[in-house]
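As structure tokens, the structure follows; a few thoughts come after it.
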Amino acid sequence: QKEVEQDPGPLSVPEGAIVSLNCTYSNSAFQYFMWYRQYSRKGPELLMYTYSSGNKEDGRFTAQVDKSSKYISLFIRDSQPSDSATYLCAMSVPRNTGNQFYFGTGTSLTVIP
Amino acid sequence: AAGVIQSPRHLIKEKRETATLKCYPIPRHDTVYWYQQGPGQDPQFLISFYEKMQSDKGSIPDRFSAQQFSDYHSELNMSSLELGDSALYFCASSPRGSGRFGYTFGSGTRLTVV
């Protein structure tokens, strides 16, 4: 079983829709939770990060973490065609040598104009 | 703002050849990470360096080696290339201690082994 599970999609929504992206994890040692956006043939770009359970909002994006359920979500409001990309969740656990990151497989999102 | 620079952007090699990928981190970032991302796969951690010393090791094959130089740039050396090595190779950098909140990725090197 992978440390981080993410539905690969693909997900296709009309412009203006609310998008919900989700990941589950099994390692309770994960302390930091991140969402990356990756456009085709580009490197992942950090969108949001959070540490504690609860919600964190940044513009049209809201990251939600539920540590008790080992479940994280990214909500995109008023989705735009420019949001079309692959979204990767990532989690990290501190180790003596630094922070070890684990990624989900990514969810491919297409926002249709 | 300066980003993580990787070179080359694209590389085509034949089986059993060698390849060297280069990564130039963001200025004042002292930690470099290497990831391999196959088609439709999540990035797989290969190796990381902090202050020119290897700090962590992931699923890096023995045929691969890497190092970080005095100017903090890093090189990933790949020998005896196999078809399965075809992937996107990403480098990322962070300032030590800030890495727990994620780090900045380069645009990647697309390696194709034929």
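All values below were derived from every heavy atom in this structure, side-chain atoms included, with hydrogens, water molecules and symmetry-related copies excluded. A, B, ... follow the sequence lines: proteins, then strands. Residue 1 opens every chain.
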Fill in the blank from the handout: Interface check, chain B: of A:G104, A:G106, A:G43, most non-hydrogen pairs under 4.5 Å belong to A:G43
Problem - Option that, when pairs with chain A are counted at under 4.5 Å, heavy atom only, ranks first among B:P43, B:G108, B:G58 - result: B:P43
For [X], does the [atom1] atom sit with more than 12 other heavy atoms under 6.0 Å from it, leaving out its own atoms?
{"X": "B:K22", "atom1": "NZ", "answer": "no"}
{"X": "B:I12", "atom1": "CD1", "answer": "no"}
{"X": "B:D62", "atom1": "CG", "answer": "no"}

Exercise for the section: Determine, using ring centers only, whether B:F105 and B:Y35 are less than 6.0 Å apart. Expected result: yes
Problem - Contacting moiety of B:Q37, where chain A heavy atoms sit under 4.5 Å - result: side chain
Fill in the blank from the handout: Turns out that what part of A:Q38 lies under 4.5 Å from chain B's heavy atoms comes down to side chain
